[in-house]
Amino acid sequence: MKVDVLLGLQWGDEGKGKIVDVLTPQYDIIARFQGGPNAGHTLIFDGKKHVLHTIPSGVFREGTQNVVGNGVVIDPVIFKREITQLLEAGVDPRPNLYISRRAHLIAPTHRLLDAASEQAKGKAKIGSTLKGIGPTYMDKTGRNGLRVGDLTSGKFEERYQALRTKHLGLLAQYPDFEYDLESVEAEWLAAAKELGQLQLIDTEHFLNEALDSGKRVLAEGAQGTMLDIDFGTYPFVTSSNTIAAGACNGLGVGPGRIGEVIGIFKAYCTRVGSGPFPTELLDETGEALREAGGEYGATTGRPRRCGWLDLVQLRYACRVNGVTQLAMMKADVLSGFDAIPVCHAYEHAGATTANLPFGIEPDEVTPTYSDHKGWQEDLTGVTTVEGLPVSLHDYIAMVEKEMKIPVKVVSVGPDRAQTIQR
Ligand code: GDP
Ligand code: IMO
Ligand code: MG
C-alpha cells in the first residue's frame with residue numbers, strides 16, 4: 001500500500017483537519033509528519049467543535065490508529081492539555097496513539113527564545129504563534145535537540161540541563177526580554193514525564209510494516225505550502241517542510257511509497273502573521289470575507305488576512321507538491337458576490353508571468369485579475385453535486401482547467417456533513 005498525503009496549498013488554515021476527519025473512515029492510520037502546536041485543526045460534528053494542535057485528526061473515528069511522526073515537534077504541556085480535552089469530550093485517544101521516539105521536544109526555553117526573537121525583530125517580526133517552533137527546529141538541525149526517546153533513556157535530566165544552560169546563555173543576548181522560567185518549568189517537567197508514559201515507538205518501522213501488511217495510511221500536513229521553509233515566502237515561513245516531500249522525511253517512508261497527494265485550498269485566500277500576500281484585500285471586502293468565513297486563528301485567535309484566490313500561487317503549490325487531487329473549501333463564504341475576481345497572472349519585472357517568482361512583495365509583483373460570475377445561493381445546506389449553482393460549477397471548472405487537476409471535494413460549511421464528493 002501507499003501513503004496518501006493531505007496538505008494545505010496556501011498559507012495554512014485551509015480546512016485540513018475537517019477533511020482528514022471526513023476521509024478517515026477510508027484509512028487505518030492517520031499520521032502527522034511535521035509542525036507542532038503552531039497548528040490548529042478544527043473539526044465540527046454532532047454540533048460540537050474540537051480543535052487539535054499536535055494530535056492527528058483521525059482521533060474521533062473509532063479503530064483508527066494515530067501516529068505523531070518524527071518530523072513533528074511536541075510541547076508536552078500542550079499535548080497533555082489536548083488529551084485532557086479529548087477525555088472531557090468522551091474520547092480516550094491514548095490506546096490508539098503512537099508517538100515517534102525521534103520527534104523533538106519543545107522545551108519551555110524554546111518558547112522563551114521564540115518570544116525574545118520576535119520582540120527583538122520589532123516590526124520585522126515573523127508573526128510566529130510563539131509556540132517555540134523555530135528554536136526547536138533550529139536545535140534539531142543544530143544537533144542540540146531533545147527527543148521524545150530521551151524521556152525514557154535515563155539521560156533525560158542531563159540532556160535537558162545542557163539545553164537549558166545553552167538557552168539561558170542565548171536569552172542573555174536579549175537584555176530587554178523579561179521572563180520567568182521557574183513558573184512554567186515544573187509543569188513542563190511533569191507533563192514531559194507523562195508523555196514518556198504514552199506509547200513511544202519507532203514509527204518508521206511501524207508505518208512501513210503497516211503498509212507492507214496492506215494497511216491504508218493518510219499523512220496529515222500542517223501549515224501550508226506558502227509557509228514551507230524552502231518554498232514558502234521566506235523568511236515569513238514556519239521552520240519545517242510542509243510540502244509532500246516532508247511526509248517522507250517526517251515519517252520515514254520512501255518517495256515511491258507516496259500515493260495520492262490531496263491538496264486543500266480555500267475558494268479565496270487567507271494568511272495569519274506577517275509576510276507578502278499579493279491578492280490581500282485591505283478594504284471592507286476583506287473585512288466581509290473575514291466575518292463571513294469566521295477567519296480568526298484556531299491557535300492564536302488572531303484575525304486572518306483575507307484576499308482573492310491566487311492561481312499563480314496555487315499552480316506553484318500544486319507543482320512543488322505533485323498534487324493529484326484537489327479539495328476546495330469554504331465555497332459557501334463566497335455566496336453573495338455578483339463577480340468574484342481571481343488572480344490568473346502576475347506582472348513581474350516588466351512581463352506577465354503565470355509562474356511564481358522568487359519574491360512576491362508588493363514592489364515585486366502586481367496581480368492581474370479576471371472576474372468570475374458569482375452565486376447568490378446559500379450553499380450550506382447543499383448535499384449533492386447537482387445542488388451546487390451553475391456559476392460555482394464554472395468556478396470549479398476554471399480551477400481544474402488552470403491546474404489540470406480534478407477537484408474531488410467541495411466543502412460548503414464547517415461541519416463534517418457539509419462536504420460534497422465529486
Ligand atoms: P486547518 O488548520 O487547515 O485544519 O484549518 P483551521 O481549522 O485552522 O481553519 C479552517 C476554519 O474554517 C475552521 O474554523 C473550520 O471550522 C472552517 N471550515 C472548514 N471548512 C469550511 C467550509 O467549507 N465552510 C466554512 N464556512 N467553514 C469551513
Ligand atoms: P495550520 O496547521 C496558519 C504561521 C504563523 C507565522 C508563521 C511562523 O493550522 O494550518 P511559527 O509559529 O510556525 O513559527 O509561525 O507561520 N503559521 C500558521 N498559519 N496556520 C497554521 O497552521 C500555522 N502555523 C504557523 O502565523 O506567520
Ligand atoms: Mg489551522
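Each ligand, and each atom within it, is numbered from 1 in the order the structure gives.
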What do we get for I264 next to ligand 1 when only non-hydrogen atoms under 4.0 Å count, side chain, backbone, both or neither?
neither

So for K330 against ligand 1, with non-hydrogen atoms under 4.0 Å, the contacting part is both

Which part of V237 is near ligand 2, with near meaning a heavy atom under 4.0 Å away: side chain, backbone, both or neither?
backbone

Ligand 1 and K18, any nitrogen or oxygen pair closer than 3.5 angstrom?
no

Provide, to 0.1 Å, the distance between atom 19 (N) of ligand 2 and the closest protein heavy atom, together with that atom's residue and name.
V272 CG1, 3.4 Å

In terms of atom number and element, which parts of ligand 2 are under 4.0 angstrom from non-hydrogen atoms of A39?
1 (P), 2 (O), 9 (O), 22 (O)

Ligand-side contact atoms (ligand 2) for residue partner G127, heavy atom cut-off under 4.0 Å
5 (C), 6 (C), 26 (O), 27 (O)

So for K131 against ligand 2, with non-hydrogen atoms under 4.0 Å, the contacting part is neither

Do any N/O atoms on G12 end up under 3.5 angstrom from N/O atoms on ligand 1?
no

How long is the span from the OG1 atom in T203 to the CD1 atom in I99, to the nearest 0.5 Å?
10.0 Å

Residue-level breakdown please: for D13 versus ligand 1, do any non-hydrogen atoms fall below 4.0 Å on the side chain, on the backbone, on both, or on neither?
both

Residue, atom and distance of the protein heavy atom nearest atom 20 (N) of ligand 2 read D13 OD1, 3.0 Å

Closest approach of any protein heavy atom to atom 2 (O) of ligand 1, naming residue and atom
G40 O, 2.8 Å

Report yes if some N/O of R302 lies less than 3.5 Å from some N/O of ligand 2; otherwise report no.
yes

Given 3.5 Å as the limit, does a donor-acceptor pair link the side chain of Q85 with the main chain of E82, or not?
no

Just checking, is any N or O donor in the side chain of N38 or T299 under 3.5 Å from an acceptor N or O on the other one?
no

Short N/O/S contact of G12 with the Mg ion (ligand 3) (below 2.8 Å):
no

Could you check whether the rings of F156 and W188 sit parallel, tilted or perpendicular, using 30° and 60° as the cut-offs?
parallel

Could you identify the single nearest non-hydrogen protein atom to atom 23 (C) of ligand 2 and state the distance to 0.1 Å?
Q223 CG, 3.6 Å

What atoms of ligand 2 come within less than 4.0 Å of a heavy atom belonging to W11?
3 (C), 19 (N)

Run the salt-bridge test on E14 and K266 with the 4.0 Å N-O cut-off and return the result as yes or no.
no

Of all N, O or S atoms in D13, the one closest to the Mg ion (ligand 3) is OD1

Geometry only, no angles: is G413 polar-contacting ligand 1 at N/O separations under 3.5 Å?
yes

At under 4.0 Å between heavy atoms, is it the side chain or the backbone of R304 that contacts ligand 1, or both, or neither?
side chain

I'd like to check whether L227 has a polar contact with ligand 2, where a contact means an N/O of the residue lying under 3.5 Å from an N/O of the ligand.
no

Once you round to the nearest 0.5 Å, how far does CZ of R94 lie from CG of L87?
5.0 Å

Tell me the protein heavy atom at minimum distance from atom 12 (O) of ligand 2, and give that distance in Å.
T129 OG1, 2.6 Å

So is S239 polar-close to ligand 2, meaning N/O to N/O under 3.5 Å?
no

Got the closest protein heavy atom to atom 13 (O) of ligand 2, with its distance?
T238 OG1, 2.6 Å

Please state which part of T380 comes within less than 4.0 Å of ligand 1, counting heavy atoms only: side chain, backbone, both or neither.
neither

Residue selection (non-hydrogen contact nearest atom 14 (O) of ligand 2) among G35, S128, G17, A222
S128

Pick from L218, T324, V217: which one makes a side-chain contact (heavy atoms from CB on, under 4.5 Å) with D4?
L218

In ligand 2, the atoms that come under 4.0 Å of a heavy atom of K16 are 1 (P), 2 (O), 10 (O)

